[in-house]
Asks: 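Following this message is one structure expressed as structure tokens.
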Amino acid sequence: MAAIDLRSDTITHPTDEMRRAMAAAEVGDDVFGEDPTINALQERAAEMLGQEAGLLTASGTMSNLIAALTWCSRGDEMVMGQEAHMFWNESGGPTALSGAQVRLVPNDANGKISAADVQAAVRDATNIHVPATTLVCLENTHNRCSGGVMTPQDTREVVDVAHAAGAAVHLDGARIFNAAVALEVPAAELTRDVDDVSFCLSKALSCPVGSVLCGSQDFITRARKWRKMVGGGMRQAGVLAAAGVVALDTMVERLADDHPNARRLAAGLANIDGLTVDPDSIHTNIVIFEVDREKVGDARQVIAALREDGVLVSHSREQSLRMVTHRHVTSDDVEEALSRVNATIRRLAASA
Ligand code: TLP
């Protein structure tokens with residue numbers, strides 16, 4: 001019985017077309033800015049996101065780190081949502097390495113942070129007792145908030161408040177194309193107003209490696225130096241960028257297949273006694289659901305039991321589990337996964 005792997009969209013493999021493009025890629029030394037395939041990817045990404053320039057990085061974590069390093073100095077403050085990936089899942093890098101501290105504001109159930117909360121959090125630049133707010137970080141789609149999306153309007157409202165306070169806005173857009181597809185708007189509508197945006201090639205877009213950080217020419221010039229400092233200056237990485245170019249051409253529209261699959265998963269999970277999720281809250285490819293400890297048991301034991309029954313899921317928090325749909329999960333797999341989960345949960349509930 002083949003396992004159905006719903007842990008993350010990061011598990012997707014490159015397509016045959018990507019592998020062919022990688023084998024044939026023209027390359028050069030990118031530390032000299034001479035890799036034509038990387039340059040093409042960066043230009044293409046920046047254009048799609050309405051920004052002037054792009055920079056290939058090793059990962060979303062590296063892009064977010066470089067953005068923090070570029071905008072913040074020691075003693076500054078960055079504002080972000082209390083559920084931000086940058087806060088929870090990046091080993092503390094953005095604050096530890098920039099020397100800036102973090103100020104958390106609430107995320108709503110969709111992962112949005114409100115302009116009013118950001119307004120209340122930014123510091124008075126004339127007061128020498130307080131840190132300077134130099135950066136506000138957004139996340140779209142929102143990983144820990146069930147893949148929730150921020151609209152162009154939501155984004156603009158926060159950007160206006162941040163800019164009025166003299167802070168830049170970084171968008172962790174690891175899955176920005178999922179947001180664009182869900183909202184049926186060009187990705188640039190979601191990214192044009194921010195000062196920089198990072199998106200991941202290696203998640204649902206199916207590339208083996210890489211993220212692209214995009215922003216103004218000036219931002220990217222400064223970011224390039226930070227990338228070098230953190231050891232991210234690569235050489236003939238056009239072999240990786242070639243997959244990215246194919247991804248931007250062929251992998252964006254198909255994300256629309258993953259979203260109904262996620263919603264269907266959520267609807268099925270909602271029908272299983274002991275699990276809780278609101279299917280109407282699922283807009284992209286991430287489903288986070290609650291496990292009733294009394295009825296079913298500890299979330300980590302549930303993960304282990306599901307694995308034995310051929311469904312791989314990840315842990316989100318305490319009693320919440322996460323499933324992510326992606327290119328290797330068909331609608332038949334969704335039905336099969338639901339039937340396996342149903343059997344596992346019934347078994348666990350019977351012995352609880
Ligand atoms: N998310 C991963 C990891 O947490 C394991 C996942 O499976 O969802 N921003 C966001 C919103 C992300 O979801 C992730 C990765 C990153 C940044 C970091 O990207 P990578 O893994 O490329 O460093």
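Start at 1 and go down the list; that is how both ligands and their atoms are numbered.
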Asks: Looking only at side-chain N and O atoms, does Trp71 offer a donor or acceptor that is under 3.5 Å from a partner on Asp196?
Replies: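 Yes.
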Asks: Side-chain donor-acceptor pair under 3.5 Å between His170 and Asn64, yes or no?
Replies: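 His170 vs Asn64: donor-acceptor pair found between side chains.
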Asks: Do Asn178 and His259 have a side chain donor and acceptor closer than 3.5 Å?
Replies: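 A donor-acceptor contact under 3.5 Å links the two side chains.
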Asks: Among Val252, Val246, Leu248, find the residue that satisfies the side-chain contact (heavy atoms from CB on, under 4.5 Å) test when tested with Thr250.
Replies: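 Per the side-chain contact (heavy atoms from CB on, under 4.5 Å) rule, the option paired with Thr250 is Val246, out of Val252, Val246, Leu248.
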Asks: Going by atom types alone, do Thr12 and Arg327 pair a side-chain donor with an acceptor below 3.5 Å?
Replies: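 No donor-acceptor contact under 3.5 Å links the two side chains.
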Asks: Quick check for students: name every N or O atom pair between ligand 1 and the protein closer than 3.5 Å, with distances.
Replies:
| from | atom 1 | to | atom 2 | distance (Å) |
| --- | --- | --- | --- | --- |
| ligand 1 | 1 (N) | His85 | NE2 | 3.3 |
| ligand 1 | 4 (O) | His85 | NE2 | 2.9 |
| ligand 1 | 7 (O) | Ser8 | OG | 2.7 |
| ligand 1 | 7 (O) | Arg322 | NH2 | 2.9 |
| ligand 1 | 8 (O) | Asn143 | ND2 | 3.0 |
| ligand 1 | 8 (O) | Arg175 | NH2 | 2.8 |
| ligand 1 | 8 (O) | Arg322 | NH1 | 2.8 |
| ligand 1 | 8 (O) | Arg322 | NH2 | 3.4 |
| ligand 1 | 9 (N) | Asp172 | OD1 | 3.1 |
| ligand 1 | 9 (N) | Asp172 | OD2 | 2.7 |
| ligand 1 | 13 (O) | Asn143 | ND2 | 2.8 |
| ligand 1 | 13 (O) | Arg175 | NH1 | 3.0 |
| ligand 1 | 19 (O) | Lys203 | NZ | 2.9 |
| ligand 1 | 22 (O) | Gly60 | N | 2.9 |
| ligand 1 | 22 (O) | Lys203 | NZ | 3.4 |
| ligand 1 | 23 (O) | Gly60 | N | 3.4 |
| ligand 1 | 23 (O) | Thr61 | N | 2.9 |
| ligand 1 | 23 (O) | Thr61 | OG1 | 2.5 |

Asks: Would you please say whether a donor-acceptor pair under 3.5 Å links the side chains of His163 and Asp195?
Replies: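 A donor-acceptor contact under 3.5 Å links the two side chains.
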